[in-house]
Structures are given as structure tokens and as C-alpha cells.
Protein chains: 4
Amino acid sequence: MTRRSRSNDAPTEAQRKIVEAAVSAFAEHGFHGTATRDIARRAGVAEATIFKYFPSKRDLLLGVLGPALEQLVGSALARSMEPLFSVTYPSFEAFLRALLAERVAFVRAHPRLVRILAQELPFDAELRAGIVSRVIAPFLTKGLAQIEQFQREGQIVGWPPPLVLRCIMSTFAGYILHRVFIAPDEAWPDEAEVERVITFLVRGLSPERPA
Amino acid sequence: MTRRSRSNDAPTEAQRKIVEAAVSAFAEHGFHGTATRDIARRAGVAEATIFKYFPSKRDLLLGVLGPALEQLVGSALARSMEPLFSVTYPSFEAFLRALLAERVAFVRAHPRLVRILAQELPFDAELRAGIVSRVIAPFLTKGLAQIEQFQREGQIVGWPPPLVLRCIMSTFAGYILHRVFIAPDEAWPDEAEVERVITFLVRGLSPERPA
Amino acid sequence: MTRRSRSNDAPTEAQRKIVEAAVSAFAEHGFHGTATRDIARRAGVAEATIFKYFPSKRDLLLGVLGPALEQLVGSALARSMEPLFSVTYPSFEAFLRALLAERVAFVRAHPRLVRILAQELPFDAELRAGIVSRVIAPFLTKGLAQIEQFQREGQIVGWPPPLVLRCIMSTFAGYILHRVFIAPDEAWPDEAEVERVITFLVRGLSPERPA
Amino acid sequence: MTRRSRSNDAPTEAQRKIVEAAVSAFAEHGFHGTATRDIARRAGVAEATIFKYFPSKRDLLLGVLGPALEQLVGSALARSMEPLFSVTYPSFEAFLRALLAERVAFVRAHPRLVRILAQELPFDAELRAGIVSRVIAPFLTKGLAQIEQFQREGQIVGWPPPLVLRCIMSTFAGYILHRVFIAPDEAWPDEAEVERVITFLVRGLSPERPA
DNA sequence: CATGAATGAGTGTTCATTCAT
DNA sequence: GATGAATGAACACTCATTCAT
């Protein structure tokens with residue numbers, strides 16, 4: 001009844017359940033801390049079924065992260081970030097606001113994937129290389145260019161662009177990790193908080209006071 | 001009071017080698033990714049010897065992190081942080097400078113422990129609880145008090161103290177993680193960088209411009 | 001009588017491909033060393049298709065060897081061996097020559113089946129029983145009778161017929177295995193070699209020198 | 001109580017039981033047909049104990065065959081074969097007698113190893129290479145030299161030495177396989193049979209009748 | 001008829017842990 | 001006090017086999 005006629009296109013029902021189960025399990029116990037048997041149980045399939053679709057446990061990890069990252073970061077780059085950096089922002093503040101909104105949306109949509117990614121990155125050179133080249137490098141390139149643009153326009157202080165970008169990203173990361181992982185249940189009337197975070201950055205990075 | 005409560009005071013030579021081996025191994029491959037056999041090999045002792053001192057692998061993790069944290073964070077609290085917050089700082093800027101210096105020193109002295117801690121915290125509720133109650137909570141208490149003090153003095157903006165503290169810690173974390181984990185080999189002529197980070201925070205958190 | 005007893009006579013195209021694939025695979029990796037999945041891949045059919053025709057993997061082995069043996073040994077018995085022993089051979093030498101030629105032809109035509117058979121026989125009592133009763137026993141019966149005939153005619157030495165037959169078969173086996181499995185690529189100008197093998201047997205089994 | 005103080009020399013009691021169990025099991029069901037669990041059960045040890053001594057199942061196979069071959073073929077080469085070919089045999093017949101006796105002794109002493117070896121050789125290139133280079137090649141070298149010596153002395157026919165050797169080995173193999181594997185329970189008053197086998201070879205390989 | 005999907009029972013192997021010496 | 005030997009339980013992964021479509 002459930003449609004799945006396409007040979008190479010549509011993922012099976014089981015396949016989807018496996019991925020979902022793997023995401024939960026990895027997020028809860030980490031990659032090494034999760035047994036394939038547990039994933040199978042959660043997914044309601046036999047263990048062997050997992051290996052039908054993912055030749056190894058590691059392929060399951062990649063299969064969980066990869067497509068999601070392509071779909072999310074890839075499309076985030078395509079849909080959100082590309083415009084982010086291609087649009088001429090009226091002001092540094094507007095840029096920050098857009099960047100924060102997009103980052104928040106991403107992490108809120110896939111908090112478990114972010115957690116898994118963060119946990120496995122330090123131990124997985126291949127994963128790291130992939131992420132760096134496919135996500136971080138493009139982001140850095142464009143982000144730094146944008147920073148330089150604002151510097152040329154005299155909107156922000158003339159510090160080295162990587163430092164400026166790091167200040168921005170650290171502040172955003174602190175905000176996002178807090179909201180998503182530490183205090184996810186708190187009410188989110190946080191326009192005020194966003195305003196303050198933006199204000200903090202705008203002030204902190206404002207150009208040297210001209211006499 | 002600071003005397004170890006264990007029956008015999010001095011840790012054996014073997015014990016020290018085991019802990020050192022465990023630290024390296026956990027830092028390289030994670031807790032789950034490390035086999036006790038490998039730790040034994042690195043330490044040059046028999047596998048059984050590990051279990052003489054640490055009843056279980058998990059106890060080894062705690063034995064690695066716990067005492068180190070007591071010794072380091074505990075003593076950091078005792079030696080550095082306590083004064084940090086008890087001293088009346090002449091200025092917010094001086095406070096930031098001292099706090100950053102102390103954090104940097106801590107992480108630079110024990111980068112592997114920080115890495116292990118960061119990796120295992122999300123999956124280990126007991127560890128989390130311990131760290132929160134023994135390290136974070138006291139820090140928060142005192143840090144927030146200090147922030148409020150500066151606010152009363154009109155040195156910084158009147159935002160909610162937790163937000164202010166998070167801005168500070170995020171910025172510091174970004175700086176430290178970058179310096180220690182990502183670009184550890186770069187030259188460290190970074191007084192300039194420290195200055196800018198401090199400046200960034202001071203400006204970002206400066207009180208509302210009075211007319 | 002020679003008609004297949006199965007319900008439908010003609011083996012499917014798929015069936016033939018399966019058998020051929022199984023023969024190659026079993027010959028290359030042995031029965032246990034071959035996965036049905038591999039056979040399916042080689043045959044270009046789905047794994048399930050194999051089980052349509054052969055209820056179990058073991059049935060596939062029998063289906064590979066059995067009919068082939070019937071077709072080959074059976075027909076060899078019918079076409080070659082029967083005449084072999086029913087014809088009155090003019091001489092022991094002629095008998096040897098015919099026997100060797102027929103054996104060589106059989107093994108050269110189906111080297112992979114011979115290999116599979118040799119590999120599985122030691123572990124498969126049922127197979128063994130079948131081969132013994134259907135192939136070896138008839139052959140022995142007739143072979144021994146023939147030997148006795150030559151002994152009565154005084155053409156060969158009066159040793160126990162089984163011993164004589166074993167000398168013959170060992171020598172032939174040594175020749176055939178060498179030619180087919182060990183040095184299959186060597187040129188075959190081996191009439192000379194055949195002559196010598198025959199000569200070896202004729203001399204070795206010649207009757208006691210009468211004074 | 002059982003002595004096993006030497007670290008690298010003496011095999012443990014368990015180790016010996018494992019090897020013995022593996023030999024039986026492999027001989028009965030073949031390498032692929034034997035589960036390590038069954039070997040463990042037969043040996044009366046835990047499965048993990050097997051892997052203490054033999055890192056993989058394949059290492060167990062090699063550990064079963066290798067040392068035995070060194071001990072047997074190696075020492076057979078040293079004790080039996082070396083003299084076999086270095087001694088100047090008074091006659092071709094004496095040579096045959098010595099060779100057959102030595103081969104029979106080897107196979108009778110270790111029939112299961114011979115069986116295992118014969119079964120795995122076709123599928124195991126590494127094993128094959130090892131056996132060929134360590135056992136067969138030296139044997140061939142010396143055997144062929146000995147044949148040539150007898151030919152120079154005019155004791156045997158001037159056929160190509162490999163062919164002569166093959167005739168000898170085939171005949172011996174036929175005798176040995178029959179006695180050891182097929183009719184192991186028959187009484188062994190077989191001096192008569194040995195005599196006939198030797199006679200068969202001597203006659204079959206006797207030099208061309210001079211006028 | 002042929003198959004894609006699924007699986008229960010096993011596979012070889014590794015693990016943290018125990019204990020007699 | 002330290003260990004070599006041993007292990008039960010679990011691990012990731014494979015297998016021959018089934019069945020709805």
C-alpha cells in the first residue's frame with residue numbers, strides 16, 4: 001500500500017525507520033555506544049535488514065549524516081546561505097540577523113544530527129574532512145568576503161576578518177547551544193534576547209570611534 | 001581536608017602510568033573507542049592491573065577526570081577563581097583579562113582532559129551532574145554575582161546577568177578552542193588578539209550610551 | 001527410460017544460468033565458501049529464483065553434480081564404458097588405451113565438476129554413497145571382471161584384481177590430474193606421454209617371466 | 001601442576017586442546033564447515049580463548065598445519081628425505097622401498113592433517129604457495145636428481161624424469177590413500193602388497209630391453 | 001514466473017572483567 | 001602486588017531461506 005515502486009529513488013519504509021532509529025540512538029548513546037541490535041529493535045526490523053541498506057555500521061552513520069547534511073547544509077547553502085552572502089545587506093546588523101536566524105533554524109530543525117556530528121567529528125578524520133571541505137570551507141570563504149565588504153564600507157572594526165567571524169560565530173554558537181540543548185524547554189519569547197545578542201555584536205565590532 | 005580520603009595516600013607508579021595512558025587513549029579514540037587492552041599496553045602493565053586500581057573501565061574514566069578536575073578545577077577554584085571573584089576588580093576589563101588568562105592556562109595545561117570531558121559529558125548523566133554541581137554551579141554563582149556587581153557599578157550594560165555571562169564565555173570559548181584545538185601550532189604572538197577579544201567584550205557589553 | 005522424470009522437461013534459461021554459475025563458483029571457492037548471493041549475481045537472477053528451482057543450497061549442489069554425472073558418467077557408462085567392458089579387447093594394451101582416452105575425455109570436458117566432486121565427497125556421506133553406488137561400484141564390478149579376464153588369458157600378472165585395478169587407476173589419475181589441473185596450459189603433444197604411461201602399465205603388470 | 005612456566009616456549013594446556021579439537025573438527029567437516037564455537041566446545045574452552053592464541057580462524061588453520069608440517073615434513077626432510085636422497089642407494093628398488101615406507105609413515109601418523117591439507121589447498125593460494133615452496137619444490141628437486149642418477153646408472157628407463165617421478169608418486173599415492181582413508185580397518189599384513197607395488201614400479205620403469 | 005524485501009540463526013571476533021598463582 | 005590465562009556476553013556482520021507482490 002505504501003508506495004515504493006521506484007527502484008533507486010524512493011527509500012523503503014524500513015530504510016526510513018532504520019535511519020530514524022539510528023538518529024535517536026546515536027544522539028542518545030553516541031555512535032560507539034549504540035549497538036546495531038538496538039537500532040534494529042527501535043526500528044522494528046531485523047538486524048540483517050540494516051545491513052541490506054547500509055553495508056556497515058559506519059555507512060549507517062554516514063547515511064544518517066550525509067544526506068541530511070546535503071539536504072540541510074547543501075540546501076541551506078543553496079537556499080539560505082547563498083542569498084545570505086550574495087545579497088547586498090543594507091547593514092551589518094541585517095546581515096547578523098539573517099545569519100543567526102538561518103543558523104537557529106538549522107539547529108532547531110535537526111538538533112540530534114548536530115549533536116551526533118559534534119560527537120563524532122573529533123574521532124573521525126574522514127567525516128571531518130568531508131564537513132570541512134563541503135560545509136565549513138565554503139562558509140568561511142563567503143563569510144570572510146562579507147566581513148571584508150563591511151570593513152570596506154566602514155561598518156565594522158578593521159580587525160582580521162577571521163577574528164571578527166569567530167567573534168560572531170562564538171556568540172551565535174553560545175546562544176544556539178544554550179537555547180537548543182541546555183534550555184530547550186524554556187519559553188521562547190526571545191526576540192528580546194536576539195536583539196541583545198545582535199546589539200552585543202554590533203557594538204563589540206563597531207568601528208574605532210573616530211574623533 | 002584536602003587530604004585524599006583513600007586508604008593509602010600515594011598513588012603507585014603503575015597507577016600513574018595507567019592514568020596517563022588512559023588520558024592519551026581516551027583523548028585519541030574516545031571512551032568507548034578505547035579498549036582496556038590498549039590502555040594496558042600503553043601503560044606497560046597487565047590488563048588485570050588496571051582493574052586492581054579501577055574496579056571498572058568507567059571508574060577509570062572518573063579516576064582520570066575526577067581527581068584531575070579536583071586538582072585542576074578544584075585548585076583553580078581555590079587558587080585562581082576564588083580570588084577571581086573575591087578580589088574587587090578595579091575594572092570589568094581587568095576582570096575579563098584575569099578570567100581569560102585563567103581559562104586559557106587551564107585548557108592549555110590539560111587539553112586532553114578537556115577533550116575527553118567534552119566528548120563524554122553528553123552521554124554520561126552522572127558525570128554531567130558531578131561537573132555541573134562541582135564546577136559549573138559554583139562558577140555560575142560567583143560569576144553572576146560579579147556581573148551584577150559590575151552592573152551596579154554601571155560598568156556594563158544592564159542585561160540579564162546570565163546573558164552577559166554567556167556572551168563572555170562564548171567569546172572566550174571560541175578563542176580558546178580555536179587556539180588550543182584548531183590552530184595549536186600557530187605562533188602565539190597573540191597579545192594583540194587577546195586585546196581585541198577583550199575590547200570586543202568591553203565594547204559589546206558597555207552600558208547604554210547616556211545621552 | 002532415459003527421459004527426465006521431472007514434471008516439465010525443458011530446463012529454463014534461468015535454470016541453466018544458475019547451474020553454470022554454481023559450477024564456476026563451487027569450483028572456485030568450494031561449496032561452503034560460496035554464498036548463494038554470489039551464485040545469483042553470477043547467474044544474473046534474483047537469489048529467490050535459485051530457490052524456486054533448488055529448494056536448498058545443497059539441492060543445488062546435487063542438482064549440479066547429479067544430472068551432470070548422470071549425463072556424463074551415466075552416458076559415459078552408456079556410451080563409453082559399457083562398450084569398454086562389453087567389447088572383447090584384443091589386448092590389455094588396447095583396453096588401457098581405451099580406458100585412458102575415455103577418462104581423459106571425461107575430465108577434460110568437465111574439470112570443474114571433477115574438482116567440486118573431489119572437494120565435497122569427503123564431507124558429504126550422502127554424496128559419497130550415491131557416487132559409490134552409481135559410479136564406482138558398477139565400474140569396479142566391470143573393471144575387475146575385465147582384469148580377471150586378462151589374467152585368465154595370461155596377458156597380465158596374477159595379482160589380486162583390486163590391486164591391479166588400483167595400479168592402473170592411480171597411474172591414470174596421476175597423469176590426468178597433472179594434465180588437467182596442474183599443467184593445463186602446456187602444449188599437448190602428448191601422444192608420446194600417453195604411450196609411455198601405457199607402456200609403464202603394460203610392463204609393470206606383465207605376467208611373471210616364464211623361464 | 002601442569003608445567004608451563006616458559007613464556008614463549010611451552011604451549012598452554014588449553015592451546016594444545018584447541019589445536020587437537022581444531023584438527024578433528026576440520027578433518028570431519030572441513031575448514032569452512034567448522035564453527036569456532038564447535039572447536040571451543042570440543043576443546044572445552046571458551047570461544048574467546050581460541051582467539052587468545054590464534055588471532056583468527058585462519059591463523060588456527062595455519063597454526064594447525066604449519067608447525068605440524070614443519071615438524072613432520074621439515075623433520076621428515078631432515079630425518080628421512082635428506083638421507084633418502086643423499087644416501088647412495090644400492091638399487092632403484094631399495095630407493096622405492098625407503099620412499100614408500102617414509103611416505104606411509106607420514107600419512108599414517110597424521111591422516112587428519114593430510115586430509116585437511118588436501119581439502120584446503122585448492123582454495124587457499126597462500127597455503128598452496130607455502131606448501132609448494134617448502135615441501136614440494138625441495139622434494140621435486142631432490143627426487144628428480146635421484147631419478148636422473150638411476151637413469152645414468154642404467155637402472156631405469158630413460159623417460160623424462162618428471163614423468164618417471166609422477167608414475168612413482170601416483171602409484172604410491174594410490175596405495176597410501178587406499179590403505180589410510182578407504183580401507184583403514186583392513187588388516188595390514190601387507191608386506192605382500194608392498195612387494196607387489198614395488199615390483200610393479202620396478203618392472204614398469206625397467207630400462208628398455210637390450211637386445 | 002521472477003523478484004525485492006525481509007529475516008532468524010548463526011559467523012568470527014572483541015570486550016571488560018575475574019581469578020588462581 | 002602484579003599478572004597470565006581465561007571467559008560470558010556482546011559485537012558487527014553474513015548466511016540460506018521465505019514470501020507477498
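Values reported hereafter were calculated over all heavy atoms of this structure, with side chains retained and with hydrogens, waters and symmetry mates removed. Reminder, nothing fancy here: chain letters follow the sequence lines and each chain counts from 1.
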- Rounded to the Å, how far apart are C:L62 CG and F:dA16 P? 15 Å
- Item | Under-4.0 Å side-chain N/O to phosphate OP1/OP2 contact, B:Y53 with F:dA2 | yes
- Separation of F:dC19 atom P from C:K52 atom NZ, nearest Å, is 11 Å
- Message: Between B:V45 and D:A46, which residue's closest nucleotide on DNA chain F lies nearer the 5′ terminus?
- Response: B:V45
- Query: Whole-Å distance between E:dT14 P and B:I39 CD1?
  - Reply: 17 Å
Under 3.5 Å, which protein N or O atoms sit close to an N or O of nucleotides 10-13 of chain E? Give each pair with its distance.
{"from": "E:dG12", "atom 1": "OP1", "to": "D:T34", "atom 2": "O", "distance (Å)": "3.2"}
{"from": "E:dG12", "atom 1": "OP1", "to": "D:K57", "atom 2": "NZ", "distance (Å)": "2.8"}
{"from": "E:dG12", "atom 1": "OP2", "to": "D:T36", "atom 2": "N", "distance (Å)": "2.8"}
{"from": "E:dG12", "atom 1": "OP2", "to": "D:T36", "atom 2": "OG1", "distance (Å)": "3.1"}
{"from": "E:dT13", "atom 1": "OP2", "to": "D:K57", "atom 2": "N", "distance (Å)": "2.5"}

- Message: With heavy-atom distances below 4.5 Å as the criterion, would you say the side chains of C:H29 and D:F123 are in contact?
- Response: no
- In whole angstrom, give the distance that lies between atom CD1 of C:I50 and atom C1' of F:dC19. 16 Å
- Check the distance between F:dT7's P and D:Q15's CD and give it to me in whole angstrom. 13 Å
- Message: Using modelled atom types and a 3.5 Å cut-off, is there a donor and acceptor pairing between side-chain atoms of A:K57 and backbone atoms of A:F31?
- Response: yes
- Message: Among residues 18-29 of chain A, which ones have heavy-atom contacts with DNA chain F below 4.0 Å?
- Response: none
- Item | Interatomic spacing from CD1 in B:I131 to CZ in B:R134 - rounded to 0.5 Å | 6.5 Å
- Task: State, yes or no, whether a side-chain contact exists between C:I39 and C:E47 at a heavy-atom distance under 4.5 Å.
- Result: no
- Query: Does some side-chain heavy atom of D:Q119 sit less than 4.5 Å from a side-chain heavy atom of C:E120?
  - Reply: no
- Task: Pick base, sugar-phosphate or nothing for D:A14, based on heavy-atom distances below 4.0 Å to the nucleic acid.
- Result: sugar-phosphate
- Message: Once rounded to the nearest 0.5 Å, what's the spacing between atom NE2 of C:H32 and atom OG1 of D:T34?
- Response: 8.5 Å
- Query: So, D:E126 and D:R58, do they make that salt bridge, N to O below 4.0 Å?
  - Reply: yes
- Query: Between C:A14 and C:Y53, which heavy-atom pair has the shortest distance, and what is it?
  - Reply: CB-CE1, 4.3 Å
- Task: Side-chain contact test, heavy atoms from C-beta onward, threshold under 4.5 Å: evaluate it for C:I18 versus C:F54 and give yes or no.
- Result: yes
- From CZ (B:F26) to CZ (B:R112), nearest 0.5 Å: 12.0 Å
- Item | Dot-bracket encoding of pairs in DNA chain F, which uses [ ] for pseudoknotted crossings and | for another strand, Watson-Crick or G-U under 3.5 angstrom | .||||||||||||||||||||
- Item | Nearest-angstrom distance from the residue atom CG of C:L61 to C1' of F:dA16 | 14 Å
- Task: In whole angstrom, give the distance that lies between atom CZ of B:R41 and atom C1' of F:dA2.
- Result: 18 Å
- Lys/Arg-Asp/Glu bridge criterion (N-O < 4.0 Å) met for A:K17, A:E20: no
